[in-house]
Amino acid sequence: CFLEAPEAGQYGAAFTLARTLGVLVTPFGILLLPLMTDLAEQGRRAGRMLARICGIFLALSAGPILVFWLWSDHIVVWLYGSDFGAAGRLLPGLAVARLASYLAGLVAMAHAARNDFRFLWIYLPVLAVEALALCVWHDSSATVVTVVFVVQLFTVFAVFAPQLVRRSSR
């Protein structure tokens with residue numbers, strides 16, 4: 001185990017709370033696939049629809065992210081007790097990392113719905129780098145959060161990269 005038991009418990013508490021953003025992303029994922037597939041079958045471009053869906057998801061996520069940022073210590077203590085209080089400092093970073101991960105997932109689903117898997121050439125190596133980085137940098141939960149945060153931001157870039165390449169080649 002990389003972290004001592006108390007610190008691992010604190011990380012687990014913060015990670016569980018950060019994953020609550022998944023409640024917000026699920027309906028968008030369910031909505032996204034049929035919309036993107038329909039646009040692809042019609043031969044229509046999907047960039048605006050994807051931007052709209054991602055924008056609405058990000059706007060709705062802003063509230064929970066702000067609450068986690070401002071009152072993470074109070075939320076953790078209220079839900080888990082004072083023994084887990086230190087998890088509050090981990091929650092904002094993990095929440096933003098999860099948000100980035102969910103956003104990357106939405107964009108990846110849009111690519112897949114259009115039968116475009118070029119993003120995998122960047123996305124999969126980025127995830128491998130995350131695993132390797134966590135093997136090297138895991139001395140504290142704060143370090144783990146930093147690694148996850150940075151790599152998840154790169155995953156967002158990885159799934160957007162094919163879109164950016166496609167635009168620059170026009």
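Numbering of residues begins at 1 and proceeds along the displayed sequence.
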### Donor-acceptor contact below 3.5 Å, side chain His111 vs main chain Arg118
no

### Query
Between the side chain of Thr26 and the main-chain N/O of Val23, is any donor-acceptor distance below 3.5 Å?
no

### Query
Roughly how far apart are Thr155 OG1 and Leu103 CG, rounded to 0.5 Å?
8.5 Å

#### Entry: Close side-chain approach of Ile53 to Phe57, heavy-atom, < 4.5 Å
no

### Summary
What one should report as the nearest heavy-atom pair of Ala14 and Leu94 is CB-CD1, 3.7 Å

### Query
So if you build clusters from Ile, Leu, Val, Met, Phe, Trp, Tyr with side-chain heavy-atom gaps below 4.5 Å, do Leu21 and Leu58 land together?
yes

### Query
Mind checking whether Leu66 and Leu17 sit in one hydrophobic cluster, side chains of I, L, V, M, F, W, Y counted as touching below 4.5 Å?
yes

### Message
If hydrophobic clusters are built by linking Ile, Leu, Val, Met, Phe, Trp and Tyr wherever their side-chain heavy atoms come under 4.5 Å apart, do Leu33 and Met49 end up in the same one?
### Response
yes

### Query
Should the heavy atoms of other residues, nucleotides or ligands under 6.0 Å from CZ of Phe154 be counted, would the total exceed 12?
no

#### Entry: Pairs touching residues 89-109 that satisfy ring-ring contact (aromatic ring centres under 6.0 Å, His included), sequence neighbours left out
none

### Query
Judged by atom type as modelled, is there a donor-acceptor pair below 3.5 Å linking the side chain of Ser101 to the main-chain atoms of Ala97?
no

### Query
Transitively linked via ILVMFWY side-chain contacts under 4.5 Å: Leu50 with Leu24?
yes

### Nearest-0.5 Å distance that lies between atom CD1 in Ile122 and atom CG in Leu127
12.0 Å

Review item, side-chain donor-acceptor pairs of residues 68-87, under 3.5 Å, at least two apart:
{"unit_1": "Ser72", "atom_1": "OG", "unit_2": "Phe68", "atom_2": "O", "d": "3.4"}
{"unit_1": "Ser72", "atom_1": "OG", "unit_2": "Gly88", "atom_2": "O", "d": "2.7"}

### Task
For the residue pair Pro64 and Thr20, establish whether any side-chain heavy-atom pair is separated by less than 4.5 Å.
no

Tell me which donor-acceptor pairs under 3.5 Å the side chains of residues 133-143 have, and how far apart each pair is, sequence neighbours excluded?
{"unit_1": "His138", "atom_1": "ND1", "unit_2": "Leu134", "atom_2": "O", "d": "3.0"}
{"unit_1": "His138", "atom_1": "ND1", "unit_2": "Cys135", "atom_2": "O", "d": "2.9"}
{"unit_1": "Asp139", "atom_1": "OD1", "unit_2": "Thr143", "atom_2": "OG1", "d": "2.8"}
{"unit_1": "Ser140", "atom_1": "OG", "unit_2": "Ala142", "atom_2": "N", "d": "3.4"}
{"unit_1": "Ser140", "atom_1": "OG", "unit_2": "Thr143", "atom_2": "N", "d": "3.1"}
{"unit_1": "Ser140", "atom_1": "OG", "unit_2": "Thr143", "atom_2": "OG1", "d": "3.0"}
{"unit_1": "Ser141", "atom_1": "OG", "unit_2": "Glu7", "atom_2": "OE2", "d": "2.9"}

### Query
Does the side chain of Val145 come within less than 4.5 Å of Tyr11's, by heavy atoms?
yes

### ILVMFWY network linking Leu132 to Phe157, side-chain heavy atoms under 4.5 angstrom
no

### Summary
One should read off an interatomic distance between Thr146 OG1 and Leu90 CG, to the nearest 0.5 angstrom, of 9.5 Å

### Query
About how many Å separate CE of Met109 and CZ of Arg114, when rounded to the nearest 0.5 Å?
15.0 Å

### Task
Of all the heavy-atom pairs spanning Val156 and Ala100, show the shortest one and how long it is.
CG2-O, 3.2 Å

### Query
At what distance, to the nearest 0.5 angstrom, does CG of Leu39 lie from CZ of Arg48?
12.0 Å

### Query
How close do Ala110 and Leu32 get, heavy atom to heavy atom, and via which atoms?
N-CD2, 3.6 Å

### Message
Can a donor-acceptor pair be found, under 3.5 Å and without considering hydrogens, that links the side chain of Thr37 to the backbone of Pro34?
### Response
no

### Task
Calculate, to the nearest 0.5 Å, the distance between atoms CE and CD belonging to Met36 and Glu41 respectively.
12.5 Å

